[in-house]
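Here's the structure, in C-alpha coordinates; my notes come after.
This one's a predicted model, so the numbers in the text were calculated from it and none came from an experiment. Each chain gets a letter, A, B and so on, in the order the sequences are listed, and its residues count up from 1.
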There are 2 protein chains.
Amino acid sequence: MLKYQQIANEIEQYINEQQLKQGDKLPVLEQMMSQYAVSKSTITKALELLERKGVIFQLRGSGIFVRRHNRPGYMSLFSTQGFKSSLGDRVLTSDVIDVSVLKPDALVAENLGIGVSDEVYRVERVRYVDGEVLCHEESYYVKAIVPYLNREIVADSIFDYVQSALGVTIGFSDMYLQVDRLSEVEAGNLGLQENDPTLRIETIFHLTNGKPFDYSRITYHYAHSQFVIQANGPYM
Amino acid sequence: MLKYQQIANEIEQYINEQQLKQGDKLPVLEQMMSQYAVSKSTITKALELLERKGVIFQLRGSGIFVRRHNRPGYMSLFSTQGFKSSLGDRVLTSDVIDVSVLKPDALVAENLGIGVSDEVYRVERVRYVDGEVLCHEESYYVKAIVPYLNREIVADSIFDYVQSALGVTIGFSDMYLQVDRLSEVEAGNLGLQENDPTLRIETIFHLTNGKPFDYSRITYHYAHSQFVIQANGPYM
DNA sequence: TTGTTTAATTGTACCGGTACAATTATACTT
DNA sequence: AAGTATAATTGTACCGGTACAATTAAACAA
(Lines give C-alpha, C1' and ligand atoms only; values in the text may rest on other atoms or scores of the structure.)
Protein backbone atom coordinates (compact mmCIF):
# COMPACT_ATOMS: atom_id res chain seq x y z
CA MET A 1 0.00 0.00 0.00
CA LEU A 2 1.21 3.48 -0.80
CA LYS A 3 2.55 5.67 1.95
CA TYR A 4 0.00 8.40 1.55
CA GLN A 5 -2.87 5.91 1.56
CA GLN A 6 -1.52 4.27 4.65
CA ILE A 7 -1.18 7.59 6.42
CA ALA A 8 -4.67 8.62 5.37
CA ASN A 9 -6.01 5.44 6.93
CA GLU A 10 -4.11 6.05 10.12
CA ILE A 11 -5.34 9.60 10.42
CA GLU A 12 -8.91 8.50 9.84
CA GLN A 13 -8.50 5.80 12.45
CA TYR A 14 -7.10 8.38 14.84
CA ILE A 15 -10.16 10.55 14.32
CA ASN A 16 -12.45 7.65 15.07
CA GLU A 17 -10.52 6.49 18.09
CA GLN A 18 -10.35 9.95 19.62
CA GLN A 19 -13.99 10.44 18.72
CA LEU A 20 -13.20 13.83 17.27
CA LYS A 21 -16.22 15.84 16.24
CA GLN A 22 -17.14 18.37 13.58
CA GLY A 23 -14.75 21.28 13.83
CA ASP A 24 -12.17 19.62 16.05
CA LYS A 25 -8.63 20.48 15.10
CA LEU A 26 -6.00 18.00 14.04
CA PRO A 27 -2.25 18.38 14.57
CA VAL A 28 -0.59 20.84 12.20
CA LEU A 29 1.15 19.75 9.03
CA GLU A 30 4.65 20.07 10.35
CA GLN A 31 3.89 17.86 13.31
CA MET A 32 2.38 15.24 11.05
CA MET A 33 5.48 15.34 8.89
CA SER A 34 7.68 14.38 11.80
CA GLN A 35 5.09 12.09 13.31
CA TYR A 36 4.93 9.94 10.20
CA ALA A 37 8.48 10.77 9.10
CA VAL A 38 7.58 11.68 5.54
CA SER A 39 7.88 14.77 3.43
CA LYS A 40 5.36 17.55 3.30
CA SER A 41 3.96 16.51 -0.06
CA THR A 42 3.18 13.03 1.13
CA ILE A 43 1.23 14.32 4.10
CA THR A 44 -0.49 16.79 1.85
CA LYS A 45 -1.52 14.00 -0.46
CA ALA A 46 -2.91 11.93 2.39
CA LEU A 47 -4.91 14.89 3.66
CA GLU A 48 -6.20 15.65 0.21
CA LEU A 49 -7.50 12.09 0.03
CA LEU A 50 -9.32 12.53 3.30
CA GLU A 51 -10.69 15.83 2.16
CA ARG A 52 -12.16 14.20 -0.93
CA LYS A 53 -13.66 11.50 1.19
CA GLY A 54 -15.38 14.16 3.25
CA VAL A 55 -13.50 13.31 6.43
CA ILE A 56 -11.70 16.61 6.95
CA PHE A 57 -11.41 20.11 5.59
CA GLN A 58 -8.34 22.27 5.52
CA LEU A 59 -8.18 25.99 6.08
CA ARG A 60 -5.11 27.89 5.14
CA GLY A 61 -3.67 29.91 7.98
CA SER A 62 -5.78 28.09 10.47
CA GLY A 63 -5.49 24.33 10.48
CA ILE A 64 -6.99 21.00 9.60
CA PHE A 65 -10.42 20.20 10.95
CA VAL A 66 -12.78 17.30 11.20
CA ARG A 67 -15.74 17.44 8.90
CA ARG A 68 -18.54 15.12 9.67
CA HIS A 69 -22.17 14.82 8.88
CA ASN A 70 -24.27 13.64 11.73
CA ARG A 71 -27.29 11.89 10.34
CA PRO A 72 -27.35 8.23 11.09
CA GLY A 73 -29.17 5.90 8.74
CA TYR A 74 -27.97 7.46 5.52
CA MET A 75 -25.81 5.37 3.21
CA SER A 76 -23.06 6.93 1.20
CA LEU A 77 -23.78 6.79 -2.50
CA PHE A 78 -20.07 6.48 -3.15
CA SER A 79 -18.99 3.39 -1.40
CA THR A 80 -18.53 2.34 -4.94
CA GLN A 81 -17.73 -1.16 -3.82
CA GLY A 82 -21.07 -2.20 -2.61
CA PHE A 83 -22.24 -0.37 0.45
CA LYS A 84 -20.20 -2.28 2.92
CA SER A 85 -18.19 0.56 4.31
CA SER A 86 -21.00 3.03 4.96
CA LEU A 87 -23.35 0.60 6.62
CA GLY A 88 -21.74 0.73 10.00
CA ASP A 89 -22.94 -2.20 12.04
CA ARG A 90 -25.91 -3.03 9.87
CA VAL A 91 -25.90 -6.33 8.05
CA LEU A 92 -26.11 -6.57 4.29
CA THR A 93 -27.43 -9.80 2.77
CA SER A 94 -28.47 -10.87 -0.69
CA ASP A 95 -30.94 -13.23 -2.32
CA VAL A 96 -29.41 -14.41 -5.56
CA ILE A 97 -32.11 -14.85 -8.16
CA ASP A 98 -30.04 -15.45 -11.24
CA VAL A 99 -26.44 -15.97 -12.38
CA SER A 100 -26.16 -16.84 -16.03
CA VAL A 101 -24.15 -16.27 -19.18
CA LEU A 102 -25.90 -14.78 -22.17
CA LYS A 103 -25.63 -12.41 -25.11
CA PRO A 104 -26.57 -8.87 -24.21
CA ASP A 105 -29.40 -6.99 -25.82
CA ALA A 106 -28.60 -3.85 -27.76
CA LEU A 107 -28.98 -1.50 -24.79
CA VAL A 108 -26.73 -3.48 -22.47
CA ALA A 109 -24.14 -3.92 -25.21
CA GLU A 110 -24.21 -0.21 -25.88
CA ASN A 111 -23.64 0.66 -22.24
CA LEU A 112 -20.80 -1.83 -21.93
CA GLY A 113 -19.20 -0.77 -25.19
CA ILE A 114 -19.27 -4.30 -26.62
CA GLY A 115 -21.05 -6.09 -29.46
CA VAL A 116 -24.26 -8.08 -29.08
CA SER A 117 -22.34 -11.28 -29.82
CA ASP A 118 -19.92 -10.83 -26.92
CA GLU A 119 -20.91 -12.73 -23.84
CA VAL A 120 -21.88 -11.27 -20.49
CA TYR A 121 -22.74 -12.56 -17.06
CA ARG A 122 -26.18 -11.57 -15.91
CA VAL A 123 -26.64 -11.30 -12.15
CA GLU A 124 -29.94 -10.62 -10.50
CA ARG A 125 -30.37 -10.26 -6.79
CA VAL A 126 -32.38 -8.63 -4.05
CA ARG A 127 -30.40 -7.00 -1.28
CA TYR A 128 -31.38 -6.58 2.33
CA VAL A 129 -30.17 -4.41 5.20
CA ASP A 130 -30.88 -5.93 8.56
CA GLY A 131 -33.44 -8.14 6.87
CA GLU A 132 -35.34 -5.33 5.24
CA VAL A 133 -35.49 -5.06 1.47
CA LEU A 134 -33.06 -2.44 0.22
CA CYS A 135 -33.07 -2.86 -3.54
CA HIS A 136 -33.38 -5.06 -6.56
CA GLU A 137 -30.32 -5.27 -8.78
CA GLU A 138 -29.84 -6.50 -12.30
CA SER A 139 -26.29 -6.27 -13.50
CA TYR A 140 -24.22 -7.34 -16.45
CA TYR A 141 -20.51 -8.13 -16.40
CA VAL A 142 -18.32 -8.35 -19.49
CA LYS A 143 -17.27 -12.00 -19.58
CA ALA A 144 -13.97 -11.19 -21.27
CA ILE A 145 -13.03 -9.27 -18.11
CA VAL A 146 -14.89 -11.31 -15.48
CA PRO A 147 -14.55 -14.84 -16.86
CA TYR A 148 -16.20 -16.67 -13.98
CA LEU A 149 -18.92 -16.06 -11.43
CA ASN A 150 -21.08 -18.32 -9.33
CA ARG A 151 -23.80 -18.00 -6.74
CA GLU A 152 -21.40 -18.07 -3.81
CA ILE A 153 -19.33 -15.21 -5.15
CA VAL A 154 -22.40 -13.25 -6.06
CA ALA A 155 -24.01 -13.74 -2.66
CA ASP A 156 -21.00 -12.00 -1.14
CA SER A 157 -19.33 -8.92 -2.64
CA ILE A 158 -18.71 -9.23 -6.36
CA PHE A 159 -16.38 -6.27 -6.29
CA ASP A 160 -14.18 -7.77 -3.61
CA TYR A 161 -13.88 -10.91 -5.71
CA VAL A 162 -13.15 -9.06 -8.92
CA GLN A 163 -10.45 -6.97 -7.28
CA SER A 164 -8.72 -9.59 -5.22
CA ALA A 165 -9.12 -12.75 -7.28
CA LEU A 166 -8.96 -11.28 -10.75
CA GLY A 167 -6.64 -8.43 -9.87
CA VAL A 168 -8.54 -5.85 -11.87
CA THR A 169 -9.02 -2.45 -10.32
CA ILE A 170 -12.07 -0.28 -10.65
CA GLY A 171 -11.35 3.15 -12.01
CA PHE A 172 -14.45 5.28 -12.25
CA SER A 173 -18.16 5.05 -12.74
CA ASP A 174 -21.03 6.97 -14.26
CA MET A 175 -24.27 6.89 -12.31
CA TYR A 176 -27.65 7.89 -13.68
CA LEU A 177 -30.41 8.62 -11.22
CA GLN A 178 -34.09 8.83 -11.86
CA VAL A 179 -37.25 8.76 -9.81
CA ASP A 180 -40.11 6.71 -11.15
CA ARG A 181 -43.02 4.44 -10.30
CA LEU A 182 -42.65 0.71 -9.89
CA SER A 183 -44.03 -1.72 -12.43
CA GLU A 184 -46.00 -4.69 -11.19
CA VAL A 185 -43.04 -7.07 -11.51
CA GLU A 186 -40.66 -4.67 -9.79
CA ALA A 187 -43.11 -4.11 -6.99
CA GLY A 188 -43.23 -7.86 -6.49
CA ASN A 189 -39.46 -8.01 -6.14
CA LEU A 190 -39.43 -5.35 -3.45
CA GLY A 191 -42.58 -6.34 -1.63
CA LEU A 192 -44.31 -3.11 -2.62
CA GLN A 193 -47.35 -2.06 -4.60
CA GLU A 194 -47.45 -1.22 -8.28
CA ASN A 195 -46.91 2.52 -8.89
CA ASP A 196 -45.12 2.99 -5.60
CA PRO A 197 -42.23 5.46 -5.88
CA THR A 198 -38.69 4.24 -6.44
CA LEU A 199 -35.21 5.51 -7.12
CA ARG A 200 -33.61 3.93 -10.17
CA ILE A 201 -29.87 4.09 -10.49
CA GLU A 202 -28.05 2.85 -13.54
CA THR A 203 -24.31 2.63 -13.13
CA ILE A 204 -21.55 1.90 -15.59
CA PHE A 205 -18.37 0.83 -13.83
CA HIS A 206 -15.09 1.24 -15.67
CA LEU A 207 -11.69 -0.25 -15.09
CA THR A 208 -8.74 2.06 -14.60
CA ASN A 209 -8.04 1.74 -18.31
CA GLY A 210 -11.43 3.20 -19.09
CA LYS A 211 -13.11 0.03 -20.29
CA PRO A 212 -16.62 -0.59 -18.96
CA PHE A 213 -16.96 -3.94 -17.25
CA ASP A 214 -20.20 -3.72 -15.31
CA TYR A 215 -23.53 -2.18 -16.15
CA SER A 216 -26.12 -2.38 -13.42
CA ARG A 217 -29.68 -1.27 -12.89
CA ILE A 218 -30.86 -0.93 -9.35
CA THR A 219 -34.32 -0.09 -8.12
CA TYR A 220 -34.44 1.01 -4.51
CA HIS A 221 -37.12 0.47 -1.95
CA TYR A 222 -38.14 4.03 -1.24
CA ALA A 223 -38.69 3.52 2.45
CA HIS A 224 -35.34 1.91 3.21
CA SER A 225 -33.00 3.90 1.07
CA GLN A 226 -31.63 7.19 2.20
CA PHE A 227 -28.40 8.49 0.79
CA VAL A 228 -25.82 11.03 1.73
CA ILE A 229 -23.37 12.68 -0.61
CA GLN A 230 -20.51 14.76 0.70
CA ALA A 231 -19.55 17.13 -2.05
CA ASN A 232 -16.46 19.30 -2.19
CA GLY A 233 -16.21 22.87 -3.26
CA PRO A 234 -17.35 24.60 -6.40
CA TYR A 235 -15.33 22.12 -8.41
CA MET A 236 -17.50 19.09 -8.13
CA MET B 1 -6.94 32.82 -10.89
CA LEU B 2 -4.42 30.17 -10.02
CA LYS B 3 -2.20 28.74 -12.71
CA TYR B 4 -3.40 25.21 -12.40
CA GLN B 5 -7.03 26.28 -12.52
CA GLN B 6 -6.37 28.37 -15.57
CA ILE B 7 -4.63 25.50 -17.31
CA ALA B 8 -7.42 23.10 -16.38
CA ASN B 9 -9.89 25.45 -18.01
CA GLU B 10 -7.79 25.71 -21.14
CA ILE B 11 -7.45 21.96 -21.45
CA GLU B 12 -11.16 21.49 -21.00
CA GLN B 13 -11.81 24.13 -23.60
CA TYR B 14 -9.40 22.40 -25.93
CA ILE B 15 -11.29 19.13 -25.51
CA ASN B 16 -14.56 20.82 -26.35
CA GLU B 17 -13.18 22.73 -29.32
CA GLN B 18 -11.54 19.66 -30.82
CA GLN B 19 -14.68 17.68 -30.02
CA LEU B 20 -12.60 14.93 -28.52
CA LYS B 21 -14.56 11.84 -27.59
CA GLN B 22 -14.41 9.12 -24.96
CA GLY B 23 -11.00 7.46 -25.08
CA ASP B 24 -9.28 10.07 -27.23
CA LYS B 25 -5.73 10.75 -26.14
CA LEU B 26 -4.41 14.10 -25.01
CA PRO B 27 -0.82 15.30 -25.41
CA VAL B 28 1.60 13.74 -22.97
CA LEU B 29 2.62 15.41 -19.73
CA GLU B 30 5.99 16.59 -20.93
CA GLN B 31 4.49 18.30 -23.93
CA MET B 32 1.93 20.04 -21.74
CA MET B 33 4.73 21.22 -19.47
CA SER B 34 6.43 23.04 -22.31
CA GLN B 35 3.17 24.06 -23.94
CA TYR B 36 2.03 25.92 -20.84
CA ALA B 37 5.55 26.63 -19.60
CA VAL B 38 4.99 25.40 -16.07
CA SER B 39 6.46 22.70 -13.92
CA LYS B 40 5.34 19.12 -13.87
CA SER B 41 3.52 19.45 -10.59
CA THR B 42 1.40 22.32 -11.81
CA ILE B 43 0.27 20.37 -14.85
CA THR B 44 -0.36 17.38 -12.63
CA LYS B 45 -2.52 19.49 -10.39
CA ALA B 46 -4.55 20.79 -13.31
CA LEU B 47 -5.08 17.27 -14.63
CA GLU B 48 -6.08 16.03 -11.23
CA LEU B 49 -8.74 18.72 -11.12
CA LEU B 50 -10.09 17.59 -14.46
CA GLU B 51 -10.02 14.01 -13.33
CA ARG B 52 -12.13 14.86 -10.31
CA LYS B 53 -14.55 16.71 -12.52
CA GLY B 54 -14.92 13.59 -14.61
CA VAL B 55 -13.45 15.16 -17.73
CA ILE B 56 -10.43 12.92 -18.16
CA PHE B 57 -8.76 9.85 -16.75
CA GLN B 58 -5.05 9.16 -16.55
CA LEU B 59 -3.37 5.85 -17.08
CA ARG B 60 0.20 5.39 -16.01
CA GLY B 61 2.44 4.16 -18.76
CA SER B 62 -0.15 4.98 -21.34
CA GLY B 63 -1.43 8.53 -21.37
CA ILE B 64 -4.23 10.92 -20.59
CA PHE B 65 -7.63 10.22 -22.07
CA VAL B 66 -10.97 11.87 -22.44
CA ARG B 67 -13.70 10.51 -20.24
CA ARG B 68 -17.19 11.44 -21.12
CA HIS B 69 -20.65 10.18 -20.45
CA ASN B 70 -22.96 10.39 -23.37
CA ARG B 71 -26.48 10.69 -22.09
CA PRO B 72 -28.07 14.00 -22.87
CA GLY B 73 -30.80 15.28 -20.60
CA TYR B 74 -29.14 14.37 -17.33
CA MET B 75 -28.15 17.16 -14.98
CA SER B 76 -25.05 16.89 -12.89
CA LEU B 77 -25.84 16.71 -9.19
CA PHE B 78 -22.60 18.51 -8.46
CA SER B 79 -22.84 21.81 -10.19
CA THR B 80 -22.97 22.96 -6.64
CA GLN B 81 -23.67 26.47 -7.80
CA GLY B 82 -27.13 25.95 -9.06
CA PHE B 83 -27.41 23.84 -12.14
CA LYS B 84 -26.29 26.47 -14.57
CA SER B 85 -23.23 24.74 -15.92
CA SER B 86 -24.72 21.33 -16.63
CA LEU B 87 -27.84 22.54 -18.35
CA GLY B 88 -26.23 23.13 -21.69
CA ASP B 89 -28.50 25.32 -23.79
CA ARG B 90 -31.58 24.80 -21.69
CA VAL B 91 -33.02 27.79 -19.89
CA LEU B 92 -33.43 27.90 -16.14
CA THR B 93 -36.03 30.23 -14.69
CA SER B 94 -37.53 30.76 -11.27
CA ASP B 95 -40.80 31.85 -9.72
CA VAL B 96 -40.01 33.54 -6.45
CA ILE B 97 -42.71 32.77 -3.92
CA ASP B 98 -41.17 34.19 -0.79
CA VAL B 99 -38.18 36.15 0.43
CA SER B 100 -38.39 37.04 4.10
CA VAL B 101 -36.42 37.37 7.30
CA LEU B 102 -37.46 35.28 10.25
CA LYS B 103 -36.32 33.22 13.21
CA PRO B 104 -35.66 29.61 12.32
CA ASP B 105 -37.47 26.69 13.85
CA ALA B 106 -35.48 24.14 15.82
CA LEU B 107 -34.75 21.89 12.86
CA VAL B 108 -33.47 24.65 10.61
CA ALA B 109 -31.38 26.12 13.41
CA GLU B 110 -29.92 22.71 14.12
CA ASN B 111 -28.92 22.19 10.50
CA LEU B 112 -27.40 25.65 10.26
CA GLY B 113 -25.60 25.35 13.57
CA ILE B 114 -27.19 28.52 14.98
CA GLY B 115 -29.63 29.37 17.72
CA VAL B 116 -33.36 29.82 17.26
CA SER B 117 -33.01 33.52 18.01
CA ASP B 118 -30.52 34.16 15.20
CA GLU B 119 -32.12 35.49 12.06
CA VAL B 120 -32.29 33.77 8.71
CA TYR B 121 -33.52 34.59 5.25
CA ARG B 122 -36.18 32.25 4.02
CA VAL B 123 -36.37 31.83 0.25
CA GLU B 124 -39.04 29.84 -1.50
CA ARG B 125 -39.15 29.35 -5.23
CA VAL B 126 -40.21 27.03 -8.01
CA ARG B 127 -37.64 26.40 -10.71
CA TYR B 128 -38.27 25.65 -14.33
CA VAL B 129 -36.18 24.20 -17.15
CA ASP B 130 -37.37 25.30 -20.56
CA GLY B 131 -40.67 26.22 -18.98
CA GLU B 132 -41.25 22.85 -17.34
CA VAL B 133 -41.37 22.52 -13.58
CA LEU B 134 -38.11 21.15 -12.25
CA CYS B 135 -38.40 21.52 -8.51
CA HIS B 136 -39.69 23.37 -5.50
CA GLU B 137 -37.08 24.83 -3.19
CA GLU B 138 -37.26 26.14 0.33
CA SER B 139 -33.98 27.42 1.64
CA TYR B 140 -32.63 29.25 4.65
CA TYR B 141 -29.61 31.53 4.72
CA VAL B 142 -27.81 32.64 7.85
CA LYS B 143 -28.38 36.38 7.94
CA ALA B 144 -25.10 37.01 9.72
CA ILE B 145 -23.36 35.70 6.61
CA VAL B 146 -25.82 36.78 3.92
CA PRO B 147 -27.04 40.10 5.29
CA TYR B 148 -29.21 41.09 2.34
CA LEU B 149 -31.36 39.40 -0.28
CA ASN B 150 -34.22 40.57 -2.46
CA ARG B 151 -36.47 39.15 -5.13
CA GLU B 152 -34.23 40.23 -7.98
CA ILE B 153 -31.17 38.50 -6.57
CA VAL B 154 -33.17 35.42 -5.72
CA ALA B 155 -34.73 35.22 -9.18
CA ASP B 156 -31.24 34.92 -10.59
CA SER B 157 -28.48 32.83 -9.03
CA ILE B 158 -28.15 33.32 -5.30
CA PHE B 159 -24.78 31.62 -5.28
CA ASP B 160 -23.33 33.93 -7.89
CA TYR B 161 -24.44 36.88 -5.80
CA VAL B 162 -23.11 35.50 -2.56
CA GLN B 163 -19.73 34.74 -4.08
CA SER B 164 -19.20 37.87 -6.12
CA ALA B 165 -20.98 40.55 -4.10
CA LEU B 166 -20.29 39.25 -0.61
CA GLY B 167 -16.96 37.66 -1.39
CA VAL B 168 -17.66 34.51 0.54
CA THR B 169 -16.60 31.22 -0.98
CA ILE B 170 -18.45 27.97 -0.73
CA GLY B 171 -16.42 25.17 0.69
CA PHE B 172 -18.33 21.93 0.83
CA SER B 173 -21.81 20.57 1.21
CA ASP B 174 -23.66 17.61 2.65
CA MET B 175 -26.58 16.34 0.60
CA TYR B 176 -29.25 13.99 1.90
CA LEU B 177 -31.37 12.18 -0.66
CA GLN B 178 -34.63 10.44 -0.13
CA VAL B 179 -37.46 9.18 -2.27
CA ASP B 180 -40.95 9.82 -1.03
CA ARG B 181 -44.53 10.66 -1.97
CA LEU B 182 -45.74 14.20 -2.39
CA SER B 183 -48.08 15.80 0.10
CA GLU B 184 -51.09 17.66 -1.23
CA VAL B 185 -49.44 21.06 -0.84
CA GLU B 186 -46.21 19.92 -2.48
CA ALA B 187 -48.11 18.39 -5.35
CA GLY B 188 -49.78 21.73 -5.87
CA ASN B 189 -46.42 23.47 -6.09
CA LEU B 190 -45.20 21.09 -8.77
CA GLY B 191 -48.42 20.66 -10.71
CA LEU B 192 -48.67 17.01 -9.74
CA GLN B 193 -51.03 14.78 -7.82
CA GLU B 194 -50.87 13.95 -4.14
CA ASN B 195 -48.83 10.78 -3.50
CA ASP B 196 -46.91 11.12 -6.75
CA PRO B 197 -43.25 10.11 -6.35
CA THR B 198 -40.57 12.70 -5.71
CA LEU B 199 -36.92 13.02 -4.92
CA ARG B 200 -36.22 15.11 -1.84
CA ILE B 201 -32.77 16.54 -1.41
CA GLU B 202 -31.73 18.40 1.69
CA THR B 203 -28.42 20.19 1.39
CA ILE B 204 -26.31 21.99 3.92
CA PHE B 205 -23.82 24.31 2.25
CA HIS B 206 -20.74 25.31 4.20
CA LEU B 207 -18.24 28.09 3.72
CA THR B 208 -14.58 27.22 3.35
CA ASN B 209 -14.19 27.78 7.07
CA GLY B 210 -16.69 25.03 7.75
CA LYS B 211 -19.60 27.22 8.86
CA PRO B 212 -22.99 26.30 7.43
CA PHE B 213 -24.65 29.20 5.68
CA ASP B 214 -27.45 27.66 3.65
CA TYR B 215 -29.84 24.84 4.39
CA SER B 216 -32.18 23.95 1.59
CA ARG B 217 -34.93 21.45 0.98
CA ILE B 218 -35.74 20.67 -2.60
CA THR B 219 -38.50 18.46 -3.93
CA TYR B 220 -38.03 17.44 -7.53
CA HIS B 221 -40.63 16.80 -10.17
CA TYR B 222 -40.00 13.14 -10.88
CA ALA B 223 -40.61 13.39 -14.61
CA HIS B 224 -38.24 16.26 -15.28
CA SER B 225 -35.35 15.44 -13.05
CA GLN B 226 -32.67 13.03 -14.13
CA PHE B 227 -29.24 13.23 -12.61
CA VAL B 228 -25.80 12.01 -13.46
CA ILE B 229 -22.94 11.55 -11.04
CA GLN B 230 -19.45 10.89 -12.23
CA ALA B 231 -17.65 9.09 -9.44
CA ASN B 232 -13.96 8.41 -9.16
CA GLY B 233 -12.25 5.27 -8.07
CA PRO B 234 -12.65 3.16 -4.97
CA TYR B 235 -11.93 6.24 -2.88
CA MET B 236 -15.15 8.07 -3.28
C1' DT C 1 1.71 -16.28 -37.34
C1' DT C 2 2.10 -16.45 -32.36
C1' DG C 3 4.04 -16.02 -28.26
C1' DT C 4 8.09 -14.11 -25.48
C1' DT C 5 11.60 -11.17 -24.10
C1' DT C 6 13.46 -6.51 -24.21
C1' DA C 7 13.37 -1.73 -24.49
C1' DA C 8 11.04 2.81 -24.76
C1' DT C 9 7.19 5.49 -23.14
C1' DT C 10 4.59 7.68 -19.67
C1' DG C 11 2.21 8.88 -15.46
C1' DT C 12 2.77 8.68 -10.28
C1' DA C 13 5.05 8.44 -5.70
C1' DC C 14 7.96 10.73 -2.98
C1' DC C 15 11.56 14.06 -1.66
C1' DG C 16 12.75 18.88 -0.32
C1' DG C 17 12.66 23.46 -1.14
C1' DT C 18 10.87 28.87 -1.56
C1' DA C 19 7.27 32.16 -1.57
C1' DC C 20 2.99 33.62 -0.15
C1' DA C 21 -1.88 34.46 1.37
C1' DA C 22 -5.25 33.63 4.85
C1' DT C 23 -5.98 33.25 9.54
C1' DT C 24 -5.13 33.98 14.32
C1' DA C 25 -2.77 35.86 18.24
C1' DT C 26 -0.27 39.82 20.11
C1' DA C 27 0.82 44.34 21.00
C1' DC C 28 -0.50 48.85 20.57
C1' DT C 29 -3.37 52.56 20.39
C1' DT C 30 -7.55 55.48 21.40
C1' DA D 1 -13.23 48.15 26.38
C1' DA D 2 -12.80 48.37 21.50
C1' DG D 3 -10.77 48.96 17.51
C1' DT D 4 -6.10 48.82 14.81
C1' DA D 5 -1.73 47.79 13.34
C1' DT D 6 1.86 44.04 13.82
C1' DA D 7 3.73 39.66 14.09
C1' DA D 8 3.42 34.58 14.33
C1' DT D 9 1.07 30.59 12.57
C1' DT D 10 -0.31 27.58 9.01
C1' DG D 11 -1.83 25.53 4.71
C1' DT D 12 -1.19 26.00 -0.45
C1' DA D 13 0.97 27.20 -4.94
C1' DC D 14 4.65 26.32 -7.53
C1' DC D 15 9.35 24.78 -8.71
C1' DG D 16 12.51 20.93 -9.97
C1' DG D 17 14.29 16.68 -9.12
C1' DT D 18 14.87 11.01 -8.70
C1' DA D 19 12.95 6.53 -8.82
C1' DC D 20 9.70 3.44 -10.35
C1' DA D 21 5.66 0.69 -12.02
C1' DA D 22 2.37 0.09 -15.66
C1' DT D 23 1.74 0.14 -20.35
C1' DT D 24 2.98 -0.16 -25.04
C1' DA D 25 6.09 -0.91 -28.89
C1' DA D 26 10.00 -3.31 -30.81
C1' DA D 27 12.87 -7.12 -31.41
C1' DC D 28 13.28 -11.76 -31.28
C1' DA D 29 12.39 -16.75 -31.19
C1' DA D 30 9.55 -20.81 -32.03
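B:Glu12 places no side-chain N or O within donor-acceptor distance of the main-chain N or O of B:Leu50, the cut-off being under 3.5 Å. Here the side chain of A:Lys45 pairs no donor or acceptor atom with the backbone of A:Ala8 at under 3.5 angstrom.
Residues passing the side chain to side chain donor-acceptor pair (under 3.5 Å) test with A:Glu30: none are found, sequence neighbours excluded. Contacts of A:Tyr36 classified as side chain to side chain donor-acceptor pair (under 3.5 Å), with partners at least two apart in sequence or in another chain: none. With sequence neighbours excluded, the residues satisfying side chain to side chain donor-acceptor pair (under 3.5 Å) with B:Glu17 are B:Gln13. With sequence neighbours left out, B:Tyr14 forms a side chain to side chain donor-acceptor pair (under 3.5 Å) with no residue at all.
No engagement by A:Leu47 is indicated, since no non-hydrogen atom pair under 4.0 Å with the nucleic acid exists.
The environment of CD in A:Gln6 is crowded: more than 12 heavy-atom neighbours from other residues, nucleotides or ligands sit within 6.0 Å.
Atom CE of A:Met33 and atom OG1 of A:Thr42 lie 9.0 Å apart (nearest 0.5 Å). Residue A:Lys3 holds its NZ atom at 7.5 Å from OG of A:Ser39, rounded to the nearest 0.5 Å. To the nearest 0.5 Å, atoms OG (B:Ser139) and OH (B:Tyr121) are separated by 13.0 Å.
The residue among B:Ile64 and B:Thr208 whose nearest nucleotide of DNA chain C lies closer to the 5′ end is B:Ile64.
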Trace of the ring pair (Phe, Tyr, Trp, His ring centres under 6.0 Å) decision for A:Tyr74 with A:His69: CA-CA 10 Å; A:Tyr74 285 77; A:His69 75 97; 7.6 Å; no

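Interface residues of residues 27-46 of chain A facing DNA chain D, ordered by number: A:Val28, A:Leu29, A:Lys40; criterion, heavy-atom separation under 4.0 Å. Near DNA chain C, defined here as any heavy-atom distance below 4.0 Å, the residues from residues 54-61 of chain A are A:Arg60, A:Gly61, listed numerically.
Sequence neighbours left out, the pairs with a member in residues 112-124 of chain A that pass salt bridge (Lys or Arg N to Asp or Glu O under 4.0 Å) are A:Asp98-A:Arg122, A:Arg122-A:Glu124, A:Arg122-A:Glu138. Applying the ring-ring contact (aromatic ring centres under 6.0 Å, His included) test to every pair with at least one member in residues 39-67 of chain A, sequence neighbours left out, gives these pairs: A:Phe57-A:Phe65, A:Phe57-B:Phe172. Among residue pairs with one or both ends in residues 55-75 of chain A, those qualifying as salt bridge (Lys or Arg N to Asp or Glu O under 4.0 Å) are A:Arg67-B:Asp174, A:Arg71-B:Glu202; sequence neighbours excluded.
Note on the helix from C:dT1-D:dA30 to C:dT30-D:dA1: terminal axis deviation equals 20°, with five pairs used at each end and the result rounded to 10°.
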Distances under 3.5 Å only, N/O to N/O: pair up the protein atoms with those of nucleotides 4-6 of chain C.
none

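In this structure, B:Tyr140 and B:Tyr215 have parallel ring planes: the angle between them is below the 30° cut-off, well short of the 60° mark.
Taking a heavy-atom distance under 4.0 Å as the criterion, the stretch of DNA chain D touched by chain B extends 5' to 3' from D:dA13 to D:dT24.
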